[in-house]
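It should be emphasised that the depicted structure is a prediction, and the values quoted were computed from it without experimental measurement. In what follows, chains are A, B, ... by sequence order, proteins preceding strands, each numbered from 1.
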Amino acid sequence: MMSMNSKQPHFAMHPTLPEHKYPSLHSSSEAIRRACLPTPPGLVAAHHGAAGQVGAAAGLASICDSDTDPRELEAFAERFKQRRIKLGVTQADVGSALANLKIPGVGSLSQSTICRFESLTLSHNNMIGLKPILQAWLEEAEGAQREKMNKPELFNGGEKKRKRTSIAAPEKRSLEAYFAVQPRPSSEKIAAIAEKLDLKKNVVRVWFCNQRQKQKRMKFSKYFCTPKYNREMRPSTLTNKANMRTE
DNA sequence: ATGCATGAGAG
DNA sequence: TCTCATGCATA
């Protein structure tokens, strides 16, 4: 049942980026952390007032560390976004610019990932791993603030476009109902559900996997279940170039 | 901003 | 098979 895989955080391993080999990045992630920056100016160790409550609820002691403290991550993410926008750089720009940092084992990231980092919709560990990298980029970008970032990157052939499956609302509601009573259905159960909803078994399986991942995102984790955080869970809009232009 | 998907690694 | 980090495609 609870096969809580306590695995190490690993990074990029995308099939669509042959440029990098991604050699066990997490091994060098600590090196990056050290090699990068000391600690943010005044945002370090915000308030530990709520930390006690959360820590108790979580039954953890490690989150007291300023580098893994959810509040510190939250503060950094917010500051990161603000400064990125100040620089007039999009999430996609940041993602591709990361490759220019030449950090061993660190290639580019997608707009999706940068977006999720800023909105805290990543796992706690994922946030911790990405923070030093994005922090390094931010420093570089602000250091070379007077120069214009260039990202040519234009090579397109005739690749097969992936088609995204769309699960209809009724089916989705059913899935959610099943998930509520059993987040981890057996293979057989999945097959049964798939047949009932007339969906491919794999689609149902992946849906459950993704649903479980959602529960583990920072915003929905135990660290952020207090009314206060729920209130501040609102999504922002000033992110894309389009929105920035709209001003 | 987010839904569905992939693939490495672990079990 | 699952988890986990991540991304393409799309709303």
Any side-chain heavy-atom pair of A/Met127 and A/Leu120 under 4.5 Å: yes
For the side chain of A/Leu122, counting heavy atoms from C-beta on, which of C/dT3, C/dT6, C/dC8 is nearest? C/dT6
Residues A/Lys201 and A/Glu195 bridged, charged N to O under 4.0 Å: no
Can you name the nearest heavy-atom pair linking A/Ser96 to A/Ser108, along with the distance? CA-CB, 3.9 Å
Which pair of heavy atoms, one from A/Leu87 and one from A/Ala141, lies closest together, and at what distance? CD1-CB, 3.7 Å
Which whole-number value in Å describes the distance from [X] [atom1] to [N] [atom2]?
X	N	atom1	atom2	answer
A/Ile114	C/dT6	CD1	P	10 Å
A/Glu176	B/dG3	CD	C1'	12 Å
A/Leu98	C/dG7	CG	C1'	14 Å
A/Met127	C/dC4	CE	C1'	15 Å
A/Leu120	B/dA1	CG	P	12 Å
A/Lys216	C/dC2	NZ	P	12 Å
A/Gln111	C/dA11	CD	C1'	13 Å
A/Lys214	C/dC4	NZ	C1'	16 Å

For [X] and [N], is the shortest distance between a side-chain N/O and OP1 or OP2 below 4.0 Å?
X	N	answer
A/Gln91	B/dA1	yes
A/Arg212	C/dC4	no
A/Ser110	C/dG7	yes

How far apart are the C-alpha atoms of A/Ile114 and A/Trp137, what are their side-chain angles, what is the distance that settles it, and do they pass the side-chain contact (heavy atoms from CB on, under 4.5 Å) test? CA-CA 12 Å; A/Ile114 303 303; A/Trp137 171 82; over 6 Å; no
Neighbours of DNA chain C within residues 190-211 of chain A, by heavy-atom distance under 4.0 Å: A/Arg205, A/Cys209
Ordered by number, residues from residues 163-172 of chain A within less than 4.0 Å of DNA chain C (heavy atoms) are A/Lys163, A/Arg164
Polar pair under 3.5 Å, donor/acceptor by atom type, side chain A/Arg217, base B/dG3: no
Listed partners of A/Thr121 passing side-chain contact (heavy atoms from CB on, under 4.5 Å), at least two apart: A/Arg116, A/Ser119, A/Arg217, A/Lys219
How would you list, by chain and number, every residue that makes a side-chain contact (heavy atoms from CB on, under 4.5 Å) with A/Ala168, sequence neighbours excluded? A/Pro170, A/Glu171
If only side-chain N and O atoms count, and only distance matters, is there a donor-acceptor pair under 3.5 Å linking A/Lys196 with A/Ser174? no
Side chain to side chain donor-acceptor pair (under 3.5 Å) involving A/Asn210 - partner list, sequence neighbours excluded: none
Result for 5'-nearest mapping on DNA chain C, choosing between A/Gln213 and A/Ser187, is A/Ser187
When Ile, Leu, Val, Met, Phe, Trp and Tyr are grouped by side-chain heavy atoms lying under 4.5 Å apart, directly or through other members, which residues fall in the same group as A/Val204? A/Ile167, A/Leu175, A/Tyr178, A/Phe179, A/Ile190, A/Ile193, A/Leu197, A/Leu199, A/Val203, A/Trp207, A/Phe208
Reckon A/Ser123 touches a base, only the sugar-phosphate, or nothing at all at heavy-atom distances under 4.0 Å? sugar-phosphate
